[in-house]
Amino acid sequence: MPSVFIKTFGCQANKSDSERILGDYLARGYKETQKWQDADEIVLNTCSVRQSAEDRVRGFLVNLNKFIECHGKNKPKVILTGCMLHFNEIEIRKLLPDIDEILPIAEVGFNQKAIRKDKVSAWVPISTGCNSFCTYCIVPFSRGRERSRPMEDIVKEVNSLVKDGYKNINLLGQNVNSYGLEKSGINLRKLYMDKNNFSGKSIPTNQSQYQKPISIPPFVLLLQKISQIQGIEKITFFTSNPWDFWDELIEEIATNSKIDRFIHLPVQSGSNRILKLMNRGYTRETYLSLVKRIKAKVPDVIFGTDIIVGFPGETDKDFEDTLDLVKQVDFKVAFVARYSPRPGTASQRLYPDDVPAKIKKQRWEILDQITNKDNLKNRPLIP
Ligand code: SAH
Ligand code: SF4
Ligand code: F3S
């Protein structure tokens with residue numbers, strides 16, 4: 001029986017994909033090995049979010065080659081998948097000559113049976129890809145456009161998870177709030193930006209001015225359907241973004257006790273100038289007003305976030321604005337990342353990476369200290 005070792009880099013989206021890649025291998029008669037040294041095939045499920053993540057893939061291949069040389073072993077077949085597929089095949093082969101095969105993750109599909117190690121909480125993908133194009137981010141290039149998984153398939157998987165004894169479900173997508181809308185032609189982010197006059201002068205802080213194009217967001221419907229399944233005790237979702245956090249969703253969280261009180265709401269920066277350069281689609285005022293509206297309806301809510309320090313042109317004043325916002329919201333979990341220019345993204349093309357590494361490190365340390373590090377293990381969409 002041939003053996004496979006899957007090495008997963010990156011965030012929970014990749015970890016979840018790896019569960020289905022393993023399912024695919026086992027279905028084809030492979031067995032899993034816990035040691036890459038013993039494997040006939042090695043799958044590298046890669047991350048590209050920062051340069052350091054890509055460097056780790058290269059580091060793994062260096063170790064692999066050393067091991068093969070020292071032990072006179074046959075080289076295992078090495079398959080590359082995951083987010084480094086934003087490079088084209090020629091670029092990948094130049095960068096990583098040891099790769100034997102390239103596997104786009106879409107080929108594995110949403111419905112392939114996942115082999116889960118976690119027996120308490122199950123990760124269930126509801127969408128993949130992203131249409132938001134924040135200027136710093138490689139994800140829309142590495143994972144492509146947003147694609148939602150049909151609601152019936154998700155409900156079917158949750159039903160079978162309940163039969164396997166799972167009580168906690170973590171719904172996973174780069175932007176779960178826009179679940180199910182990509183084919184409707186409704187661009188929530190654009191609507192939100194237009195309503196809030198993001199590109200103009202006046203920026204209203206009341207999000208209710210943002211008119212809803214449909215009566216009930218499909219994501220809310222999905223939450224309702226899953227919480228009606230007998231046996232489900234807790235539903236958590238990752239990640240929501242501030243621009244499409246509708247009143248219906250707040251209402252659903254407030255009234256549905258099965259929904260986790262923890263909400264991960266990436267802010268990235270507290271400076272309006274930087275938020276605009278990032279193309280995030282909201283301002284610090286609209287973000288804070290959303291937090292206030294959620295806190296009013298869900299008093300026991302706990303917020304988590306992602307922040308990037310050292311985005312091009314970030315001044316001390318911009319950073320102070322971020323510190324101020326962080327203190328106001330009182331995040332219980334914050335993942336702070338130092339800006340890393342990613343090839344082909346708008347920020348890499350348009351703005352020089354001009355914040356010195358030393359300053360990035362200082363800002364990172366300050367923010368890291370004031371946010372609760374103990375909870376970092378709960379942060380799924382970050383490598
Ligand atoms: N869909 C989620 C997560 C995307 S990637 C979201 O919209 O928030 C996870 C995190 O990595 C981001 O939230 C961001 O904080 C960080 N990140 C993305 N690109 C980065 C870059 N070029 N440099 C540093 N951090 C980055
Ligand atoms: Fe999409 Fe999130 Fe990346 Fe923005 S940060 S482009 S929302 S994955
Ligand atoms: Fe991909 Fe997740 Fe990394 S979406 S780029 S594996 S952070």
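Reckoned from all heavy atoms, side chains included, excluding hydrogens, waters and symmetry mates. Because the structure is predicted, anything quoted here is derived from the model rather than measured. For ligands, and for the atoms within them, numbers begin at 1 and follow the listed sequence. All residue numbers refer to positions in the sequence shown, counting from 1.
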### Summary
Ranking Arg338, Gln174, Arg280 by closest non-hydrogen atom to atom 2 (C) of ligand 1, top hit is Gln174
### Task
May I ask whether Gln12 has any heavy atom positioned less than 4.0 angstrom from an atom of ligand 3?
no
### Task
Mind running side chain to side chain contact (heavy atoms under 4.5 Å, CB included) on Leu221 and Gln224 for me, showing each step along the way?
CA-CA 5 Å; Leu221 202 63; Gln224 291 171 350; 3.9 Å; yes
### Thr305 side, atom OG1; His264 side, atom NE2 - distance, nearest 0.5 Å
5.5 Å
### Message
Once you restrict to heavy atoms under 4.0 Å, what part of Cys47 touches ligand 3? Side chain, backbone, both or neither.
### Response
both
### Query
Should the proximity of Thr239 to ligand 2, defined as any heavy atom under 4.0 Å, be assigned to the side chain, the backbone, both, or neither?
neither
### Task
Any atoms of ligand 2 less than 4.0 Å from a non-hydrogen atom of Pro140? List them with their elements.
6 (S)
### Contacting atoms of ligand 3, where contact means under 4.0 angstrom from a heavy atom of Cys83
1 (Fe), 4 (S), 5 (S), 6 (S)
#### Entry: Distance filter under 4.0 Å to Cys11 heavy atoms, resulting ligand 3 atoms
2 (Fe), 4 (S), 6 (S), 7 (S)
### Task
Return the orientation label for the Phe311 and Tyr136 ring planes: parallel under 30°, perpendicular over 60°, tilted otherwise.
perpendicular
### Message
So for atom NZ, which belongs to Lys75, do other residues, nucleotides or ligands contribute more than 12 heavy atoms lying within a distance under 6.0 Å?
### Response
yes
### Message
Could you work out, for atom 25 (N) of ligand 1, the closest of His264, Arg50, Arg342, Arg143 by heavy-atom distance?
### Response
Arg50
### Query
ligand 1 and Tyr136, any nitrogen or oxygen pair closer than 3.5 angstrom?
yes
### Query
Near Ser132, which atoms of ligand 2 are under 4.0 Å from a heavy atom of that residue?
1 (Fe), 7 (S)
### Task
Measure centre to centre between the rings of Trp36 and Phe60, then say whether the value is under 6.0 Å.
yes
### Query
Within 45° of the ring axis of Phe319 and under 6.0 Å from its six-membered ring centre, is that where the NZ or CZ of Lys317 lies?
no
#### Entry: Subset of ligand 2 atoms that lie under 4.0 Å from at least one heavy atom of Val139
8 (S)
### Task
Mark up the atoms of ligand 3 that fall under 4.0 Å of a heavy atom belonging to Asn14, in ascending order.
6 (S)
#### Entry: Residue Gln174 vicinity, atoms of ligand 3 by number, heavy atom under 4.0 Å
4 (S)
### Query
Heavy atom under 4.0 Å from ligand 2: found in Phe133's side chain, backbone, both, or neither?
backbone
### Query
Any N or O on Asp306 sitting closer than 3.5 Å to an N or O of ligand 1?
yes
### Message
With ring-ring contact (aromatic ring centres under 6.0 Å, His included) as the criterion, how do Tyr25 and Phe5 come out once you've worked through the C-alpha distance, each side chain's angles and the decisive distance to 0.1 Å?
### Response
CA-CA 10 Å; Tyr25 268 92; Phe5 176 86; over 10 Å; no
### Message
Can you confirm whether more than 12 heavy atoms, excluding those of Ile90, are under 6.0 Å from its CD1 atom?
### Response
no
### Query
Does NZ or CZ of Arg280 come closer than 6.0 Å to the centre of the six-membered ring of Tyr282, within 45° of the ring's axis?
no
### Message
Tell me if a side-chain donor or acceptor on Thr81 pairs with a main-chain N or O of Leu103 at a distance below 3.5 Å.
### Response
yes
#### Entry: Atom CG of Asn88 with >12 non-hydrogen neighbours under 6.0 angstrom
yes
### Query
Are any of the N or O atoms of Asn175 closer than 3.5 Å to those of ligand 1?
no
### Short N/O/S contact of Cys130 with atom 3 (Fe) of ligand 2 (below 2.8 Å)
no
### Query
Does the ring center of Phe303 lie less than 6.0 Å from the ring center of Phe262?
no
### Message
Whether the Arg147 and Asn131 side chains hold a donor-acceptor pair (N or O, under 3.5 Å, no angle test) is what I'd like checked.
### Response
no
#### Entry: Atom indices of ligand 3 within 4.0 angstrom of Arg143 heavy atoms, with elements
1 (Fe), 4 (S)
## Note on the structure
One finds that the ligand 2 atoms under 4.0 Å from a non-hydrogen atom of Asn241 are 7 (S)
### Part of Val49 within contact of ligand 1 (heavy atoms, under 4.0 Å)
both
### Query
Can you tell which part of Ile138 has a heavy atom less than 4.0 Å from ligand 1: side chain, backbone, both or neither?
neither
### Query
Ser48 near ligand 3, heavy-atom distance under 4.0 Å?
yes
